[in-house]
Structure formats: C-alpha cells, structure tokens
Amino acid sequence: MSVRRLAEEQFQPAAFSFNAENTAWAEATIRKYPAGRQQSAVIPLLMRAQEQEGWVTKAAIEYVGEMLDMPFIRVLEVATFYTQFQLKPIGTRAHIQVCGTTPCMLRGAEDLIHVCKSKIHPEPLHQNADGTLSWEEVECQGACVNAPMVMIFKDAYEDLTTTQLEHIIDRFAAGKGSDIKPGPQVDRVFSAPVGGPVTLTDAIQPIRFSDAPAAAPAAAEASVPPANAAKPVTDAPETDKSLKTPATDKKAAAANTKVKGDSADTARPVKEAVATPVASAPAPAAALDEKNRPAGIERPATPDDLKMISGVGPKIEATLNGLGVYTFEQIAKWKKAEREWVDSYLKFSGRIERDDWVKQAKALAKGGEAEYIKVFGKKPR
Ligand code: FES
C-alpha cells in the first residue's frame, strides 16, 4: 500500500472555494442527506473539488470540512484513504494508475510499471516534462479477471500488454485519449471468457437477452470460410460490438443456431462447421482486396498454438485457421499489405502492428517459448 500524504507546502495553493456552479451543486448534494447526516456527502464533494482543481489540495479539504461541519482530520482521512483522490498535481491529460495487486502482478503489471517509468517518469506521482502525464501503482481496482489493467481517471483499460499500454500513453500524450475504447483490449465482452463463452453455451442460448456474448461461438464458426472463399464472413472482435446486437447479427446467430443443432455440435471440428454456409452473415466492414489475403495452407497434423501470440485468443485463432493460417512461420512471413488485410478483416484497427504479431511469430517459429523469452523478456501468453 502506498503512503499517501498531502503534497508539500510549496505545491499547496493559499485558498480554495467552489465556483458558482459547483457551489450550487454541492448545496444540492448536501440537501440529499437527512439533517445531521450531511457528512455523508464528503466523498462527492471531495471528488468535485478534485475535478475543479485537478487534485485535492489542503485548502479544499478544509473547505469541504467547513461545508459539512466536519473536523478536518476526518476529511483528511477520507482523502488519504482512497487512491481515487489525488493529493498532489498529476498529469493534465492522463494519470495512469497501474494495479499492482497479486492477480495483475501475476499477469504482467510489473512490465506495465516499467513502461510508465520509461515513458512518463522514473518515479510515481511525478509529472512528465510537460506536465501532461503521471503514473502511480495502486491496489486492486476490481477488474482482476481482466488483469493486468490500469485506470485513467474514471476509465479502466484491461487485458493489457506493454505494447498496448505504450500505445494508450502515446494517444493520451497527444491529447487523443478518447480514441481508445475503455474496457478489455482483447476479444472479450466485459469479463466473459476471451473469444466468447466456453461453457453452458447451449443452455444459455434460449434465454439470452443479449446476443453479444452468446453469439461468440456461433460467430467463431461462421467466421471460418474455406481457404478459397471469395467473401469472408466478418469476425469482429467482441470489444467492437455493442450489446444491442444488430439485426444482421441476429440473422447470423439464428442461422448458426440451426447449424449447431445439438449440444454435440459445440465440439465439432472447425472444418466440419464450415460445411453449412451462413447466407445472412454480414459483409466485412472494410473493402478487402483478395489479392492481399495471406496464402493459406492445408491444416497440418500439428498446427501451432497461435494463442501463444499476444492478442490471439481462441476465437481469433479459429478465424485464422479458417483463413488457412496454422503456423507461426506463416504469420512471420506476412508482408505489410497482408498484415493490413488481416487487420482489416478482424476489424483490429492496427492491433496486429501494435502487438507486433510478426516479431512474436518469428521468435516462436525460431525457437518456441525459449526464443520468445529471449526476445521479449517474458513468457508468451
Ligand atoms: S488485482 Fe488488479 S484489478 Fe484486481
């Protein structure tokens, strides 16, 4: 647990007061509580003070204490307990809070901290040169299943690799943090399994109210065209989908429900699953020029485990297999146009480059896990 103290005197402003809008808001907030219980408003008022000033100053703590008729020490206790409150000036564009609790640590939080140290400042809670970025390590943020993760202000970015965090930091540094969609950065919906549900898939189909998670296995099957198919079926990462499944998706899901038949179908080999065409499947978002599609091969007796590549989950692996991509060596040889074709096909918005699949695949093709560790300094996923 980090030690949380007020900023040194030289940073502290002489006074604090809410502006007119926030004063009206604070008074309305206090009135929500019964007489004698106004102190319950301490957290929202401190948060509003932080939003106004950028951080919680000593003067703001005293001001809130006076508004709520609370001893200053009680307000200080709250402000210093919760890491949501910043006690010294932080980055104006992003303050990266890296979760360093056990599940995140086991999944690579230490590497994320190294990224922050190298890209922002060697020390936590220090601004970078132009004052736009800062970072710190915090305790569990309640997204352990999607570890490792970071919080940036009120948004969580989960399932991170070092490459993804570097990209996120770069976007925020450029003032374009809103380009990055918060939440899982892999093909999963919220905290559902990567690639979609893997258990009780038949049981949940009749009662599902949202097609997004339940449609994943069906979509995975639908996304596996024959290697010579002219029009591939879209296999968008789940993070790109809204919970409101579009009508076209519903048709595809319905078609796949028919294809699936009984529960034994969930274990069907991929090749068998593609035998029935999905007439209503949506077309890919981008125009895909077939000449750039990477050459596929017949399924080898022992295909490589493509999931060892960071950014490839079971669903994406099935999609790649459907394109005739089964080995690290194939991916290692992809030219730029081929990478862009696959990226567009998967609606990845550049993730193949950001995660550097080719470098990963080259290492894995050359010497498996040992070579990967040599190149990247860590085990493959
Ligand atoms: S351990 Fe990181 S979110 Fe819980």
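One is the number of the first residue; the rest follow in order along the sequence. Because the structure is a prediction, the values reported are computed rather than measured. Whatever order the structure lists them in is the order used to number ligands and atoms, beginning at 1.
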Check this for me: does any side-chain nitrogen of one of [X] and [Y] sit under 4.0 Å from a carboxylate oxygen of the other?
| X | Y | result |
| --- | --- | --- |
| D343 | R351 | no |
| R339 | E353 | yes |
| E9 | K58 | yes |

Sequence-distant partners of K176, salt bridge (Lys or Arg N to Asp or Glu O under 4.0 Å), two or more places apart: none
The reported gap from CD in Q164 to OG1 in T162 (rounded to nearest 0.5 angstrom) is 8.5 Å
Keeping to distances under 2.8 Å, can you name the protein N/O/S atoms close to atom 2 (Fe) of ligand 1? C99 SG, C104 SG
Which residue in the set K379, K359, K366, K362 passes salt bridge (Lys or Arg N to Asp or Glu O under 4.0 Å) when paired with E371? K366
